[in-house]
Amino acid sequence: MLMNVAENVVADALHGMAAAHPDLVVDVENRVIVRRDAPVEGKVGLLSGGGSGHEPLHGGFVGPGMLDAACPGEVFTSPVPDQMVRAAAAVDSGKGVLFLVKNYTGDVLNFRMAEELAQDEGIQVASVLVDDDVAVTDSTFTAGRRGTGATLFVEKIAGAAADEGAPLERVEAIARQVVAQSRSFGVALAPCTTPAKGSPTFDLPAGELELGVGIHGEPGRERRAMMTSHEIADVAVDAVLTDLEPRLPVLVLVNGMGATPLLELYGFAAEVHRVLAERKAAVARTLVGNYVTSLDMAGASVTLCQVDGDLLRLWDAPVQTPGLRWGR
Amino acid sequence: MLMNVAENVVADALHGMAAAHPDLVVDVENRVIVRRDAPVEGKVGLLSGGGSGHEPLHGGFVGPGMLDAACPGEVFTSPVPDQMVRAAAAVDSGKGVLFLVKNYTGDVLNFRMAEELAQDEGIQVASVLVDDDVAVTDSTFTAGRRGTGATLFVEKIAGAAADEGAPLERVEAIARQVVAQSRSFGVALAPCTTPAKGSPTFDLPAGELELGVGIHGEPGRERRAMMTSHEIADVAVDAVLTDLEPRLPVLVLVNGMGATPLLELYGFAAEVHRVLAERKAAVARTLVGNYVTSLDMAGASVTLCQVDGDLLRLWDAPVQTPGLRWGR
Amino acid sequence: MSASALDAAFFVRWMTASAASVNREADRLTELDSAIGDADHGSNMRRGFAAVAKALEAEPPATPGAVLMAAGRQLVSTVGGASGPLYGTLLRRTGKALGDAEQVSVDELRAGLRAGVDAVGQLGGAAPGDKTMLDALDPAVDALATSFGAAAAAADEGARATVPMQARKGRASYLGERSIGHQDPGATSSALLFATLAEVAG
Amino acid sequence: MSASALDAAFFVRWMTASAASVNREADRLTELDSAIGDADHGSNMRRGFAAVAKALEAEPPATPGAVLMAAGRQLVSTVGGASGPLYGTLLRRTGKALGDAEQVSVDELRAGLRAGVDAVGQLGGAAPGDKTMLDALDPAVDALATSFGAAAAAADEGARATVPMQARKGRASYLGERSIGHQDPGATSSALLFATLAEVAG
Ligand SMILES: Nc1ncnc2c1ncn2[C@@H]1O[C@H](COP(=O)(O)OP(=O)(O)O)[C@@H](O)[C@H]1O
Ligand SMILES: Nc1ncnc2c1ncn2[C@@H]1O[C@H](COP(=O)(O)OP(=O)(O)O)[C@@H](O)[C@H]1O
Ligand SMILES: [Mg+2]
Ligand SMILES: [Mg+2]
Ligand SMILES: [Mg+2]
Ligand SMILES: [Mg+2]
């Protein structure tokens with residue numbers, strides 16, 4: 001791995017973000033990334049965070065039109081409440097702060113604690129849980145669906161709404177709407193290696209793949225003999241469509257897990273479009289790249305988000321962050 | 001690998017690019033990617049290309065403010081002259097076309113043939129060779145320095161100059177200036193796997209690394225026991241600075257080879273900044289990410305480009321491509 | 001100090017010794033978490049208890065309750081993940097239940113831990129049988145009625161009993177039936193904490 | 001057709017047989033290119049000669065020169081890389097040198113190939129000893145004065161002689177001294193083309 005010591009990878013990366021992005025204030029000591037002009041007068045503060053290892057999510061999505069702050073935890077470990085409390089204080093302009101939380105037990109618990117503590121400090125806080133991964137059965141027998149690729153859609157669209165000056169309840173409602181209309185499915189062709197462990201998180205012989213993986217190097221729901229890009233798109237898009245049944249056009253995120261070349265991702269994007277056309281699902285926009293990653297895992301995920309005209313307008317609105325940037 | 005059959009990876013990827021980027025015209029049959037509004041009246045056409053496997057280079061850099069067209073070859077194989085001739089015809093507005101060519105024997109020969117053929121068709125063509133890799137001794141005993149990371153700087157800055165309406169000789173001169181003031185050095189922590197070969201292009205035991213690699217999965221100049229990010233930055237930046245000796249501020253590209261997580265790249269960027277500060281080299285801008293890749297190779301490269309006020313202005317100018325986008 | 005009177009120093013020793021045992025077993029905890037989780041439980045516990053030991057050394061609280069509350073706060077502020085808030089809550093609630101007594105009896109500790117374990121169940125929504133730390137914590141607290149050694153043995157047995165279970169809470173639940181056949185990392189670290197308690201108690 | 005009179009059909013057979021032998025040996029060529037290059041020489045040659053065979057089958061040219069010129073054009077238009085323009089130039093220049101004769105003698109072919117090989121040298125700026133295809137092509141053309149078999153043997157020997165050389169041209173030159181100890185892929189494919197020529201000549 002390209003690193004110094006495993007204990008410092010997150011701090012080292014934050015130093016690099018500070019060096020590369022003068023528009024961000026990176027508090028390495030306290031693990032908080034805030035846009036330089038925060039708090040933005042009259043604007044709801046948008047805050048997210050989670051374990052590191054998913055870059056550019058979340059720190060790379062801080063900036064005008066998206067997040068006001070991000071709280072990176074250790075690799076694959078939710079941040080601690082202190083981080084969110086500090087970030088909330090930094091971005092609150094008096095209009096309140098919205099926490100965007102991926103649905104993992106650790107994230108849920110730490111953000112919940114932070115919400116209470118921030119409210120104790122007089123900050124108005126609301127939270128929205130992102131839970132889009134259809135590979136996980138949503139029942140009382142699981143921790144519920146994981147939050148994966150839809151996080152990008154939620155952060156972008158809610159960010160645009162906040163940017164327009166929408167009040168907290170409205171930004172929260174829009175974020176909930178995006179979550180409700182988004183579904184994902186991921187596959188791994190090779191596991192990832194965490195700095196702390198230093199070896200692959202699971203064994204996956206060449207010639208096999210894992211269907212239904214998340215973004216934390218966990219094994220998936222099922223192991224299969226290697227499939228073609230065509231076959232994988234069939235399975236992934238079918239899993240998503242079966243659950244989502246969109247009647248409106250969709251945003252498509254063809255997301256790389258980290259080590260899959262863009263060349264392959266684009267080929268996979270073509271297959272995803274093929275299946276969508278076969279299933280008569282209209283495509284509004286397509287984004288292809290490494291956005292919600294799992295360190296150096298090879299593989300990809302597909303996220304669809306059904307959008308009406310308003311959500312599409314918010315998606316197209318200008319955004320200016322290290323990881324997503326257009327329209328300005 | 002996330003693919004169907006090895007023979008079709010490039011065509012499959014082009015289908016995906018066509019689906020994802022309505023601003024581009026992607027001719028899958030003839031392997032040419034052209035911005036939709038080409039030829040742009042009164043503007044010099046900027047054209048590049050090379051083997052595939054380096055995405056987003058070059059196809060991802062087609063758009064306003066950067067390239068007018070790109071010609072993707074097979075994986076790690078220069079494109080054929082027919083592609084460049086067709087692309088040149090598509091982007092020539094009568095102001096001439098500039099070929100930006102990475103210095104590899106194959107690229108040089110195929111672009112040279114294309115230049116002759118295009119000139120036969122009455123198109124004014126000039127060419128600039130990019131050769132920035134200091135790991136290769138530039139002597140009559142080699143094919144000369146490879147073109148690597150500096151290609152991004154050349155395409156962006158020459159693209160901005162063309163966008164401003166500069167004539168062919170001026171755009172060519174600026175491209176040459178960027179090449180002359182840019183140097184790179186790359187390291188590999190793990191080899192890549194080409195679709196055609198299906199196995200790593202060289203053996204690199206865990207715990208060792210290759211110093212001085214290019215972007216085609218070739219072994220480097222030297223194999224060493226694994227080094228820390230700190231040590232690698234020392235070696236890489238020293239190699240570049242020894243050759244470049246910048247007196248003006250530099251653009252810094254901390255480029256991932258494909259499979260190195262952004263988390264690690266940012267940590268490496270911090271180390272690169274440290275060395276630059278120690279060596280009293282001023283930094284104008286820093287870009288961190290996977291821009292000039294080598295499929296799924298793990299590793300990184302550092303490119304520095306010394307810039308005066310004019311080049312910096314051109315670097316900062318708006319650009320609107322799938323792979324690089326700001327200011328508009 | 002009588003066998004049944006535990007003072008602040010005893011709890012500091014428990015926490016400090018826990019930092020050592022967690023540090024020693026970190027790789028194994030991570031390995032277990034790698035099979036059915038995300039391979040961070042060992043480093044999470046190591047980071048958290050190292051902070052606990054450091055904080056207690058720097059400013060040793062005067063009462064058993066204060067020791068556990070300070071330790072819990074450190075865990076909440078340094079661990080993250082699921083285990084940070086859960087173990088943090090365990091220790092804080094237990095400490096709170098102990099009040100500001102200078103010494104507590106084993107029975108008072110057992111009652112305190114019961115409150116702590118119940119709080120963990122409430123916070124995480126899990127019950128014994130869900131393949132979590134509760135499968136070690138819950139029987140351990142009951143067995144403390146007998147002895148520290150019995151508590152440690154019950155925790156260990158509880159942790160080993162998670163192997164055939166299918167996870168219903170936490171990350172491992174994503175795996176469905178594939179979570180069967182692996183020991184839960186959190187139950188394993190809980191057993192480690194009770195083993196350390198028994199050692200410290202002598 | 002006398003032994004020394006080669007017609008268009010002979011050259012079509014050479015090219016078609018070359019497509020077969022290149023296809024058969026593609027993995028080995030790629031393996032060699034993997035050691036000191038970029039692991040594409042096998043697929044490059046396979047793609048190019050498959051196109052050549054297809055084009056010649058679709059529209060067989062009438063003269064030896066036209067066959068080689070058409071083949072060379074196909075290579076230029078389908079191979080890319082260094083080998084596309086170089087092998088394309090080899091065949092086009094050789095074809096050009098053969099003019100529009102309906103049949104050519106072995107000696108005329110040798111003279112034509114000499115022009116072709118010299119053009120390769122000029123285009124790529126390499127000379128024998130630089131560890132390129134020229135190390136097989138150059139001695140092979142000279143040996144053609146003796147026989148097809150001698151040419152094939154000389155090409156093979158020339159290819160094998162590249163093993164101890166340090167590359168001074170092409171990608172392998174980037175490796176400096178590390179290029180020593182590996183056989184050049186282009187020299188190897190050149191030897192293959194001459195071996196096929198000898199086979200076709202019977
Ligand atoms: N809802 C829950 N209730 C009780 N314990 C839980 C719950 N969710 C997870 N755990 C425990 O936490 C352990 C995992 O901790 P850790 O790996 O540190 O956090 P994370 O799962 O966030 O990576 C599991 O092995 C399990 O024992
Ligand atoms: N300048 C040159 N002159 C002659 N032959 C060359 C030259 N450069 C490369 N070659 C030949 O081309 C071969 C490589 O071909 P190939 O792998 O198809 O192209 P690339 O190097 O562009 O990947 C080398 O093994 C060598 O024999
Ligand atoms: Mg975790
Ligand atoms: Mg090549
Ligand atoms: Mg874990
Ligand atoms: Mg090659």
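Predicted, not measured: the structure shown is a model, and the values here were computed from it. Letters A, B, ... mirror the listed sequences (proteins, then strands); counts begin at 1.
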Side chain, backbone, both or neither: which part of [X] has a heavy atom under 4.5 Å from chain B?
| X | result |
| --- | --- |
| A/Val75 | side chain |
| A/His15 | both |
| A/Leu189 | side chain |
| A/Ile232 | side chain |

Heavy-atom distances under 4.5 Å only: say whether [X] touches chain A with side chain, backbone, both or neither.
| X | result |
| --- | --- |
| B/Pro195 | neither |
| B/Met3 | backbone |
| B/Val254 | neither |
| B/Leu2 | both |
| B/Ala298 | neither |

### Task
Establish, from distance only, whether the side-chain atoms of B/Asn4 and A/Glu231 form a donor-acceptor pair under 3.5 Å.
no

### Query
Quick check: are there more than 12 heavy atoms from other residues, nucleotides or ligands sitting under 6.0 Å from CG of B/Asp203?
no

#### Entry: Exceeds 12 heavy-atom contacts within 6.0 angstrom, atom CD of B/Glu278
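Yes, enclosed.
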
### Message
Determine whether A/Leu262 and B/Asn290 satisfy the following criterion, side chain to side chain contact (heavy atoms under 4.5 Å, CB included), listing intermediate values before the conclusion.
### Response
CA-CA 9 Å; A/Leu262 207 46; B/Asn290 291 291; over 6 Å; no

Can you see which heavy atom on [X] is nearest to which on [Y], and at what distance?
| X | Y | result |
| --- | --- | --- |
| B/Met1 | A/Glu264 | CG-OE2, 3.1 Å |
| A/Ala270 | B/Asp12 | CB-O, 3.7 Å |
| A/Ser52 | B/Leu263 | CB-CD1, 4.1 Å |

### Between A/Leu295, A/Leu14, A/Val272, the one whose heavy-atom pairs under 4.5 Å with chain B are most numerous
A/Leu295

### Message
Only pairs of heavy atoms separated by less than 4.5 Å count here; which of A/Gly267, A/Ala13, A/Gly53 has the most with chain B?
### Response
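Maximum pair count with chain B is reached by A/Ala13.
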
### Qualifying side-chain hydrogen bond (donor to acceptor under 3.5 Å, both in side chains) pairs with a residue from residues 18-28 of chain B, counting only residues at least two apart or across chains
A/Tyr266-B/His21, B/Asp27-B/Asn30

### Task
Output all residues satisfying side-chain hydrogen bond (donor to acceptor under 3.5 Å, both in side chains) with A/Thr303, sequence neighbours left out; order by chain, then residue number.
A/Ser184

### Query
Under a 4.5 Å heavy-atom cutoff, which of B/Val283, B/Thr286, B/Val187, B/Val288 has the most pairs with chain A?
B/Thr286

### Task
Go through B/His54, B/His230, B/Met227 and name the one with the most non-hydrogen pairs under 4.5 angstrom from chain A.
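Answer, by heavy-atom pair count under 4.5 Å with chain A: B/His230.
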
### Task
Answer yes or no: is there a side-chain heavy-atom contact under 4.5 Å between A/Asp296 and B/Thr260?
no

